[in-house]
There are 2 protein chains.
Amino acid sequence: MTETAKRRPGTRIEEVARVAGVSKSTVSRVINDEQYVSAKSREAVHAAIAQLGYSPNQAARALAGNRANAIALVVSEPTGRVLGDPFFAGVLRGVHSELAGRHMQLLLMMTQPSDTDDLVTYLSSGHVDGALLVSQHGEDPLVPMLAEIGLPVVSGGRPLGMAVPFVDADNFTGALEAARYLASLGRKRIATVAGPKDMAVGADRLSGFKRGLSEAKLPTGLVAHSDFTPESGAKAMERLLRKAPDLDAVFVAADIMALGALQVLHAHGKRVPEDVAVVGFDDSVFAATATPPLTTIRQDVEELGRTMTWRLLAELAGEAGLPPSLLLPTSLVRRASA
Amino acid sequence: MTETAKRRPGTRIEEVARVAGVSKSTVSRVINDEQYVSAKSREAVHAAIAQLGYSPNQAARALAGNRANAIALVVSEPTGRVLGDPFFAGVLRGVHSELAGRHMQLLLMMTQPSDTDDLVTYLSSGHVDGALLVSQHGEDPLVPMLAEIGLPVVSGGRPLGMAVPFVDADNFTGALEAARYLASLGRKRIATVAGPKDMAVGADRLSGFKRGLSEAKLPTGLVAHSDFTPESGAKAMERLLRKAPDLDAVFVAADIMALGALQVLHAHGKRVPEDVAVVGFDDSVFAATATPPLTTIRQDVEELGRTMTWRLLAELAGEAGLPPSLLLPTSLVRRASA
DNA sequence: GTGAAAGCGCTAACAT
DNA sequence: ATGTTAGCGCTTTCAC
């Protein structure tokens, strides 16, 4: 590295102390919202901070306080395919809004299974105070590894393996509602493009769907698995059509897969919803803009991000009696496809 | 704050030095890839680091080195609507891949126009070494403010106001190619759903489009402005159809707007591409999954992210003779819509 | 309620 | 090529 650029931060805490007429310690106490500071001092410090445009040096805070004042958002998936997913975008937005105003930075980390070790080393070295995990496939080794090093963690989506705190949409109930709705429409040959078997989200939505069909005394055998891409959604739809050319409804376990399914349905001359009713899941940006607009199960991904963050921060703050896991409600959004 | 959780980082540099049989300074030099370290020491240090699973404390590095070892990715737009945009996801992926392996963290910051001052204060306080800006509308006040405090900055997309280093897709040439292609198809009444007037990306694509039509001696008057959402794309398409019911082609300046335009075209009984040929821009995930699949101008957003990051890091490293701005090539991707 | 002083773990002169 | 020393700006005992 050559001649790395350096810059001197502006005001230091000492100057704030001078202007406010108190000691550094008092300024520090005010900044950290501690008790035992007189209203008078507090006010003076706030005034000085505003006047000088002071902003504490995070590095020094972290070093002295033995905290990082940062949490990581870990996306463990090959080359961040999830990033393109509106799901992730929503979570990110939620995390960010929950963090707003707190003195906490968000570090974004992506990781392939191959460099899991590096990541664990990094996370265990005090760079962050806790981690949020998203979109891990099945039994992600990251989960037990982080649990072992004692790093507070909250998973977005139910992890398949080890029990760690998590927040998830109520996928089971959402899919159940989708199946009930399709059955209520009088559809009899209801299929599903399910998610991957090795992801809890896939399994949960499939379970809920099957439960709904069972209630209506309908057969539950029309299942094609897929991963969360339009392409594989299309392929799954092809398989379904081959197996049951006369199917009259399909629950696609993610809007993004429904896009592919819709293309295949059109290509086969099936009218939606007349011949085949389609219900998606997520109510992502894809749903409203699909042709035809997609009836879907809405999950509030932004709320998911907020809740995950709240849960993690609460744990970092040492709060007791926190629920190990939380399920967020879903709701049916009716559009043109069913 | 109550009883904030604390953790002690594991190994410290001193222990690495002891195990390697050298001084802290030498370990530091090895870590920072400096010269004047014997191969022997270097090797010993690497071995010790591996053995101990050592990872340097970023806070201490930042404090002592007077660098943050972090850059910010600033998304300046009301409540991160951009986040849902595949454009942003791609850029993020590119930024991240370029950062991989360097000791640099990525801080994600979103900001509304209202808290620009806070952001500037924060960024100017040494928390980051530089910033990447994306998706600013028109003359974003952030640009001159950051330039003023001397923070190295690279903009993703050409900023409308002040001259700061930027990287952008070659929007002009891309749109030019779209227009030429449509003309080469024999289309005569070619319209465009353009982007916002106050964004360079909107202006540049419109200019290129008009230039292309002029070349073919075609009229350039069929223009409807829109922002980058499917809804406003649909509205713009409605306006275009009202103005020219017999239009036979439309260049939609973003795939995501094309989704809305496509819905409207269908609703009006227009067949795509038979009656109306449609060309989009971006080649985002929306393009291939649209009905019909969209012919579009591809821009490599991941490369955009990588290039922005490279440019910023090069500047931080004090490299001389860096190009103030860079334009990335685009290419036509033929699918079914035109 | 407030201040003084001792580090937090590292980098950066300055020696050698 | 390597070791020694002095901080970086803040939080945190511990007095008062």
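None of the values given here were measured: they were computed from a predicted structure. To find a chain, count down the sequence lines: A is the first, B the second, and so on, and within it residues start at 1. Any value given below was found using the heavy atoms of this structure, including those in side chains, with hydrogens, waters and symmetry copies removed.
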In whole Å, I'd like the distance from the [atom1] atom of [X] to the [atom2] atom of [N].
X	N	atom1	atom2	value
A:Asn57	D:dC10	CG	P	6 Å
A:Leu63	D:dG7	CG	P	17 Å
A:Gln58	D:dC8	CD	C1'	15 Å

I want to verify a distance call: between [options], whose nearest atom is closest to the [X] side chain?
X	options	answer
B:Tyr36	C:dC10, D:dG9, D:dA1	D:dA1
B:Val37	D:dT12, C:dT2, D:dT2	D:dT2
A:Ala60	D:dC10, C:dT2, D:dT2	D:dC10
B:Asn32	C:dG9, D:dT2, C:dT11	C:dT11
A:Ser38	C:dT2, D:dG7, D:dT12	C:dT2
B:Lys24	D:dA6, D:dT2, C:dA12	D:dA6
A:Ser28	D:dT11, C:dC10, D:dT4	D:dT11

To the nearest 0.5 angstrom, please state how far the [atom1] atom of [X] sits from the [atom2] atom of [Y].
X	Y	atom1	atom2	answer
A:Gln58	A:Arg67	CD	CZ	10.0 Å
A:Arg18	A:Ser23	CZ	OG	14.0 Å
B:Leu132	B:Leu106	CG	CG	7.5 Å

| query | Ignoring hydrogens and angles, are the base of D:dT4 and the side chain of B:Ser25 linked by a donor-acceptor pair under 3.5 Å? | reply |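 Result: at least one qualifying N/O pair found.
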| message | Please determine whether any donor N or O and acceptor N or O are separated by less than 3.5 Å between the side chain of B:Arg29 and the base of D:dG3. | response |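 Yes.
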[N] phosphate, OP1 or OP2: any side-chain N/O from [X] under 4.0 angstrom?
X	N	answer
B:Arg61	C:dA12	no
B:Tyr54	C:dG9	no
B:Arg12	C:dG7	no
A:Ser41	C:dG1	no

| field | Estimated bend of the helix from C:dG1-D:dC16 to C:dT16-D:dA1 (axis per five terminal pairs, rounded to 10 degrees) | value |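 Terminal axis comparison yields 30°.
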| said: Salt bridge or not between A:Lys24 and A:Glu14? Use side-chain N to carboxylate O under 4.0 Å. | reply: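 Salt bridge: no.
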| said: For B:Ser25 and B:Ser28: C-alpha separation, side-chain torsions, deciding distance, then whether side-chain hydrogen bond (donor to acceptor under 3.5 Å, both in side chains) applies. | reply: CA-CA 5 Å; B:Ser25 310; B:Ser28 175; over 6 Å; no
| query | Side chains of A:Val143 and A:Val153: does their closest heavy-atom pair fall under 4.5 Å? | reply |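 Not in contact.
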| query | Can A:Glu303 and A:Thr307 be counted as having a side-chain donor-acceptor contact under 3.5 angstrom? | reply |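 A:Thr307 and A:Glu303 do have a side-chain donor-acceptor pair below 3.5 Å.
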| query | Pick the nucleotide of DNA chain C nearest each of A:Arg42 and B:Ile13; which residue has the one closer to the 5' end? | reply |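 Nearest-nucleotide comparison on DNA chain C picks A:Arg42.
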| message | Using a 4.0 Å heavy-atom cut-off, does A:Thr26 contact any base of the nucleic acid, only the sugar-phosphate backbone, or nothing at all? | response |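 Counting heavy atoms under 4.0 Å across all strands, the contact made by A:Thr26 is with sugar-phosphate only.
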